[in-house]
Asks: 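What follows is a structure written as structure tokens; I'll ask about it next.
Each ligand, and each atom within it, is numbered from 1 in the order the structure gives.
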Amino acid sequence: MEAYIADWLNMLVRWVHLITGIAWIGSSFYFVWLDNHLEPREENDDPRLHGQLWSVHGGGFYNSRKFLKGPGFIPGTLHWFKYEAYFTWLSGFSLLAIVYYWGASTFLIDPAIADLTPWQGIAISVGSLALGYIAYDLLCRTKLVESGMDFLAIGVPLLILVALGYSLVFSGRAAYLHTGALIGTIMVANVFFVIIPGQKKMVAAIARGEEPDPLPGIRGKQRSMHNNYLTLPVLFIMISNHFPMTYGHPHSWAILGAIIVAGMLIRHFFNLRHKGKIVWQLPVGGALIFAAIFAYLIPRENAGLPPLPQVAAERATFETIHGIMTQRCTACHAAKPTQAGIAGAPAGVRLESAADIKRWAGRINEMSVIRRTMPQGNITGMTDEERALVKAWFESGAKAD
Ligand code: HEC
């Protein structure tokens with residue numbers, strides 16, 4: 001019952017997280033696009049006008065106009081964009097708690113990496129998110145922040161170090177997710193602690209009829225640019241739990257680092273393109289990084305993994321394999337799993353009957369022999385000899401009788 005309730009919470013909160021995330025990132029993409037497409041004011045325009053543009057959408061024409069220091073008055077209704085960000089974080093953190101704290105011993109902790117208790121894991125998770133933001137905020141208070149490039153040159157390697165750090169304490173999947181959770185926390189905290197307070201100061205100054213102090217605006221813009229470059233990496237991380245080939249690799253953190261860099265290059269290309277500058281080297285660079293990752297991850301036996309022992313092929317009978325599946329896999333991969341935190345067969349893969357095992361033979365080999373990311377966190381203690389038996393069975397035709 002408990003796992004069933006957790007699955008429902010997971011489903012509903014994930015849905016909310018996706019919706020608020022789309023609303024947030026969507027409006028953020030829209031405003032970046034808007035800013036980059038503004039046409040400068042013309043001679044007889046309002047002198048306060050900074051730029052404007054026309055667009056057509058949904059049955060009408062829109063005329064967006066930007067006034068850097070306000071239009072000279074405070075409009076009766078002024079729309080703010082902040083709750084999308086706040087609810088994305090709240091739903092995201094709830095989801096983290098439902099999946100990785102409630103199910104800590106299944107999803108957060110991998111005893112082969114670090115034999116933590118659930119509470120230790122949770123403390124590291126919460127503590128690292130808070131400390132991570134504080135460290136980033138301190139970095140933003142140095143001179144470094146004045147040049148976007150300098151900031152990237154220090155910030156990106158630090159972020160990759162964070163991914164490495166997480167990979168030393170959490171399961172591969174949780175390490176990725178936490179790198180993303182930290183990025184998301186930084187992005188939302190930027191909105192909450194810097195961007196929105198700056199906008200409030202600006203609006204208050206204009207309401208008092210004063211010239212707004214430019215500093216909060218400049219700081220807000222810097223943070224907002226950081227957020228902009230972090231969007232593609234964070235979105236990848238949020239879907240990464242479907243791709244064990246990335247987070248399950250022995251050098252998962254390096255793969256994540258490369259994907260973060262590729263995402264930023266592609267984002268940079270679009271930012272420049274909006275301003276009319278096409279730099280093909282950027283997406284080509286991104287594509288080359290992906291090609292390199294593709295080549296690096298090509299399933300090769302023993303890629304970074306210790307070689308499996310030799311076993312005599314005659315020993316790999318179906319009966320033996322069936323026994324291994326029952327002992328090592330069906331705690332999770334069954335119609336009614338017994339593993340805490342798993343409500344139904346993960347990814348729809350059941351490994352109970354001969355027909356099930358035959359049907360999934362290719363994936364069984366892939367996950368438990370080539371990549372060895374299953375059993376998840378090797379929670380059921382599958383031995384290398386058993387993996388070697390699965391391999392011998394698969395290579396001799398995966399017969400199920
Ligand atoms: C502790 C629970 C657990 C155990 C034990 C476990 N798995 Fe899994 N397995 C999962 C989860 C969770 C997923 C889904 C991961 C995802 O969504 O990508 C999964 C997914 C899979 C998939 C589908 C993913 C794909 O890309 O094909 C296969 C196949 C698989 N497991 C095989 C096995 C085999 C074989 C064993 C036993 C040797 C095993 N698993 C043991 C939890 C487990």
Asks: Assess the residue pair His178 and Leu182 against the criterion (side chain to side chain contact (heavy atoms under 4.5 Å, CB included)); give the C-alpha distance rounded to whole Å, side-chain angles, the decisive distance to 0.1 Å, and a yes or no.
Replies: CA-CA 6 Å; His178 274 80; Leu182 176 59; over 6 Å; no

Asks: Looking only at side chains, do His57 and Tyr62 share a donor and an acceptor under 3.5 Å apart?
Replies: no

Asks: Can you list the atoms of ligand 1 that are under 4.0 Å from a heavy atom of Ile364?
Replies: 35 (C)

Asks: Run Lys66 and Asp35 through salt bridge (Lys or Arg N to Asp or Glu O under 4.0 Å) and show every step you take.
Replies: CA-CA 8 Å; Lys66 180 167 184 172; Asp35 250 356; 2.7 Å; yes

Asks: Which heavy atom of the protein is the closest neighbour of atom 19 (C) of ligand 1, given with residue, atom name and distance?
Replies: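 Nearest protein contact, heavy atoms only, for atom 19 (C) of ligand 1 is Met374 CE, 3.1 Å.
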
Asks: For ligand 1, which part of Met382 has a heavy atom less than 4.0 Å away: the side chain, the backbone, both, or neither?
Replies: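 Side chain only; the backbone of Met382 stays clear of ligand 1.
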
Asks: Students should be able to answer this: which protein heavy-atom is nearest to atom 34 (C) of ligand 1, and at what distance?
Replies: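 Going by distance alone, atom 34 (C) of ligand 1 is nearest to Cys329 SG, 3.5 Å.
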
Asks: Side-chain contact, heavy-atom cut-off 4.5 Å: Tyr229 with Asn271?
Replies: yes

Asks: Answer yes if the side chains of Ser252 and Tyr176 hold a donor-acceptor pair under 3.5 Å, and no otherwise.
Replies: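 No - no donor-acceptor pair under 3.5 Å links their side chains.
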
Asks: Tell me, do Leu152 and Met264 make a side-chain contact under 4.5 Å, heavy atoms counted?
Replies: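 The answer is yes, as the side chains (C-beta and beyond) meet within the 4.5 Å cut-off.
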
Asks: Contact between Val390 and ligand 1, counting heavy atoms under 4.0 Å?
Replies: no

Asks: May I ask you to list the atoms of ligand 1 that are less than 4.0 angstrom from any heavy atom of Arg328?
Replies: 5 (C), 37 (C), 41 (C)

Asks: Counting non-hydrogen protein atoms only, what is the nearest one to atom 22 (C) of ligand 1? Give residue, atom name and distance.
Replies: Val349 CG2, 4.0 Å

Asks: For atom 21 (C) of ligand 1, what's the nearest protein heavy-atom neighbour? Residue, atom name and distance, please.
Replies: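 Ranked first by proximity to atom 21 (C) of ligand 1 is His333 CE1, 3.3 Å.
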
Asks: Please report which non-hydrogen protein atom sits nearest to atom 28 (C) of ligand 1, along with the residue it belongs to and the distance in Å to one decimal place.
Replies: Met367 CG, 3.8 Å

Asks: Under a 3.5 Å distance rule, please check whether Glu386 uses its side chain to pair with a backbone N or O of Thr383 as donor and acceptor.
Replies: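 Yes, Glu386 side chain to Thr383 backbone: donor-acceptor pair under 3.5 Å.
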
Asks: Which atoms of ligand 1 sit under 4.0 Å from any heavy atom of Ile379?
Replies: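 That gives atoms 1 (C) of ligand 1.
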
Asks: Report yes if Ser368 has an N/O atom closer than 3.5 Å to an N/O atom of ligand 1; otherwise report no.
Replies: no

Asks: At a 4.0 Å threshold, what atoms of ligand 1 neighbour a non-hydrogen atom of Pro375?
Replies: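 Reading through ligand 1 atom by atom, the close ones are 5 (C), 6 (C), 37 (C), 38 (C), 39 (C), 41 (C).
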
Asks: Measuring only between side-chain heavy atoms, which start at C-beta, is Arg315 closer than 4.5 Å to Thr320?
Replies: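 No, too far: nothing below the 4.5 Å cut-off.
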
Asks: Is any side-chain heavy atom of Tyr136 closer than 4.5 Å to a side-chain heavy atom of Leu158?
Replies: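 Side-chain contact under 4.5 Å: no.
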
Asks: Quick one: look up the protein heavy atom nearest atom 4 (C) of ligand 1 and list residue, atom name and how far away it is.
Replies: Cys332 SG, 3.3 Å

Asks: Between Phe107 and Ser171, is there a side-chain heavy-atom distance shorter than 4.5 Å?
Replies: no

Asks: Could you list which atoms of ligand 1 come closer than 4.0 Å to a heavy atom of Arg363?
Replies: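 So the answer, numbered in order with elements, is 25 (C), 26 (O), 27 (O), 29 (C).
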
Asks: Among all protein heavy atoms in this structure, tell me which lies nearest to atom 13 (C) of ligand 1, with the distance rounded to 0.1 Å.
Replies: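 Of the protein heavy atoms, Pro346 CB, 3.3 Å lies nearest.
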
Asks: Is there a heavy atom in Asn241 that sits closer than 4.0 Å to ligand 1?
Replies: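 Under 4.0 Å: yes for Asn241.
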
